[in-house]
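As structure tokens, the structure follows; a few thoughts come after it.
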Amino acid sequence: MTTSNHSGVSHTVFRLLGIPGLEDQHVWISIPFFTSYVISLLGNSLLIFIILTKRSLHQPMYLFLCMLAGADVALSTSTVPQALAIFWFHAGEISLDRCIAQLFFVHSTFISESGILLAMAFDRFVAICYPLRYTTIFTNALIGKIGVTIFLRSYGTVFPIIFLVKRLTFCKSNILLNTGCKHIVLAHVSCDDIRENIWYGFFVLMSTVVLDIVLVFISYVLILHAVFHIPSQDARRKALNTCGSHVCVIILFYGPGIFTTLIQRFAYHIAPHIHVLLASVCILAPPMLNPIIYGVKTKQIRDEIVHVLFTRQK
């Protein structure tokens, strides 16, 4: 399945191994993958249905949540079915074009989610710091523009990666030690100089996700400053509660990603299957837990879910 560096052959078909070193455990590993995917599809689809069909939820916070749920479904669907095909049917063969398409959608969707979380932080900032101007600032037109900007930014920054990958010659190997295609994983089996790929990947990370983290942090510093200057304790508690769900989702989204990046950069002695499993957590956990967090902590959504699931049965 592999060729030497000097053969001049560029592979156009690759084989995804899944979790390297744990091939005999793939059937058991598939259980949390499958469970998380089903929960993600059902939970996020229910969230989207409720928000779109209930006019009382046609507010900026819930419309951004609807975008986040849609991105969660896209992120799960672009990764988990491929992993399950490897675990269940050993169907790890993938063409170069399919591999590039997958990494494009995975990376762009991840950046979209980061942008949506930043928009939600800005929404909470305006709602708490400028409550009297909230409805005049967050108009439907502004929400639409923010949504378009988020998706244009994510697709626009990731799109050049297609050409950076296409120019490479893949003659080292056609074996990818992962459950799916990732930019640097694919670049590392190339015989060419991949410094441009590495530096552009770093630029994309810094100009999108890292920038978003900094802006989200600044937003919540200003929010907390405003909240603790509210004289009424009940009003202060209510303001903090409106941010509770969003803070949980932010930690869930960025936390595993930051931890995984640090492990990959500095813990070279850790086995490859640990790196793959940690990266999988970044993809599996947020889409599965986001609708649960909002369903439990947000009263309006919780009441609508109870109404949809139980009232119609009576």
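Numbering starts at 1 and runs along the sequence shown. Worth saying up front: this structure is predicted, and the values here are computed from it rather than measured.
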Side-chain contact, heavy-atom cut-off 4.5 Å: Asn174 with Val189?
no
Could you list the residues that satisfy side-chain contact (heavy atoms from CB on, under 4.5 Å) with Val73, not counting sequence neighbours?
Leu41, Asn44, Thr77
Side-chain donor/acceptor of Glu23 to backbone N/O of Gly21, under 3.5 Å
yes
Hey, is Asp97 close enough to Lys166 for a salt bridge, meaning N to O under 4.0 Å?
yes
Using the six-membered ring wherever Trp is involved, compare the ring planes of Phe202 and Trp199 and label them parallel, tilted or perpendicular (cut-offs 30° and 60°).
perpendicular
If the threshold is 4.0 Å, N to carboxylate O, is there a salt bridge linking Arg167 and Asp193?
no
Pair His246-Leu117, side-chain contact (heavy atoms from CB on, under 4.5 Å): steps then yes or no
CA-CA 8 Å; His246 186 233; Leu117 290 176; 4.0 Å; yes
Do Thr208 and Thr157 meet the criterion of a side-chain donor-acceptor pair at a distance under 3.5 Å?
no
Audit row: Leu16, Thr179, side-chain contact (heavy atoms from CB on, under 4.5 Å) steps and yes/no
CA-CA 6 Å; Leu16 295 162; Thr179 57; over 6 Å; no
Mind checking the CD1-CD spacing from Ile50 to Gln300? Nearest 0.5 Å is all I need.
12.0 Å
If you round to the nearest 0.5 Å, how far is CG of Leu186 from CG of Leu103?
6.5 Å
Quick one, Ser108 and Phe151 - any side-chain contact, counting heavy atoms below 4.5 Å?
no
For Glu196, look at atom CD and say whether over 12 heavy atoms of other residues, nucleotides or ligands are found less than 6.0 Å away.
no
Is there side-chain contact between His11 and Leu96, with at least one heavy-atom pair below 4.5 Å?
no
Distance col, row Leu205:CG vs Leu211:CG, nearest 0.5 angstrom, shows 11.0 Å
Among side-chain atoms of Asp123 and Tyr134, is any donor-acceptor pair under 3.5 angstrom?
yes
Given side chains that start at C-beta, do those of Glu304 and Ser56 come closer than 4.5 Å, heavy atoms only?
yes
Starting from the C-alpha separation in whole Å, work towards a yes-or-no answer on ring-ring contact (aromatic ring centres under 6.0 Å, His included) for Phe125 and Tyr220.
CA-CA 7 Å; Phe125 166 73; Tyr220 270 95; 9.7 Å; no
Between Phe253 and Asp212, is there a side-chain heavy-atom distance shorter than 4.5 Å?
no
So, His183 side chain and Gly201 main chain: donor-acceptor pair closer than 3.5 Å or not?
no
Taking only residues two or more places apart in sequence or in another chain, which ones pass side-chain hydrogen bond (donor to acceptor under 3.5 Å, both in side chains) with Trp88?
Ser30
Is it true that Ser10 and Thr169 share a donor-acceptor pair across their side chains at a distance under 3.5 Å?
no
Mind checking the CG-SG spacing from Leu277 to Cys282? Nearest 0.5 Å is all I need.
11.5 Å
Would Glu113 and Leu75 count as a side-chain contact (heavy atoms from CB on, under 4.5 Å) here? Give the steps.
CA-CA 9 Å; Glu113 289 212 27; Leu75 185 62; 3.6 Å; yes
Could you work out, with side-chain hydrogen bond (donor to acceptor under 3.5 Å, both in side chains) as the rule, every residue matching Arg237, not counting sequence neighbours?
Asp234
Rounded at 0.5 Å granularity, tell me how far NZ in Lys172 sits from CG in Leu168.
10.5 Å
Counting only N and O atoms by type, is there a donor-acceptor contact under 3.5 Å from the side chain of Thr79 to the main-chain atoms of Ser76?
yes
With the side chain counted from C-beta on, respond yes when Val204 and Ile111 share a heavy-atom pair under 4.5 Å apart, and no when they do not.
yes
Got Ile143 and Met67 here, is their nearest side-chain heavy-atom distance under 4.5 Å?
yes
Is Val38 reachable from Trp28 through a run of hydrophobic residues whose side-chain heavy atoms are each under 4.5 Å from the next?
no
I'd like to know whether CZ of Phe105 has more than 12 heavy-atom contacts from other residues, nucleotides or ligands below 6.0 angstrom.
no
Report yes if the side chains of Thr12 and Phe170 come closer than 4.5 Å at any heavy-atom pair, otherwise no.
no
Does the plane of the ring in Phe122 sit parallel, tilted or perpendicular to the ring in Phe138? Use 30° and 60° as the thresholds.
tilted
Sidechain-backbone polar pair: Thr298 side chain, Ile301 backbone, donor-acceptor under 3.5 Å
no
Apply side-chain contact (heavy atoms from CB on, under 4.5 Å) to residues Cys66 and Leu52 and explain how you reach the verdict.
CA-CA 8 Å; Cys66 187; Leu52 292 181; 3.9 Å; yes
Ring centroid separation Phe34 to Phe87 under 6.0 Å:
no
Could you give the distance from CD1 (Ile223) to CD1 (Ile218), rounded to the nearest 0.5 Å?
12.0 Å
Distance only, no hydrogens: is a donor on one side chain within 3.5 Å (strictly under) of an acceptor on the other, for Tyr254 and Ser114?
yes
Where does the angle between the aromatic ring planes of Phe159 and Phe163 fall among parallel (under 30°), tilted (30 to 60°) and perpendicular (over 60°)?
perpendicular
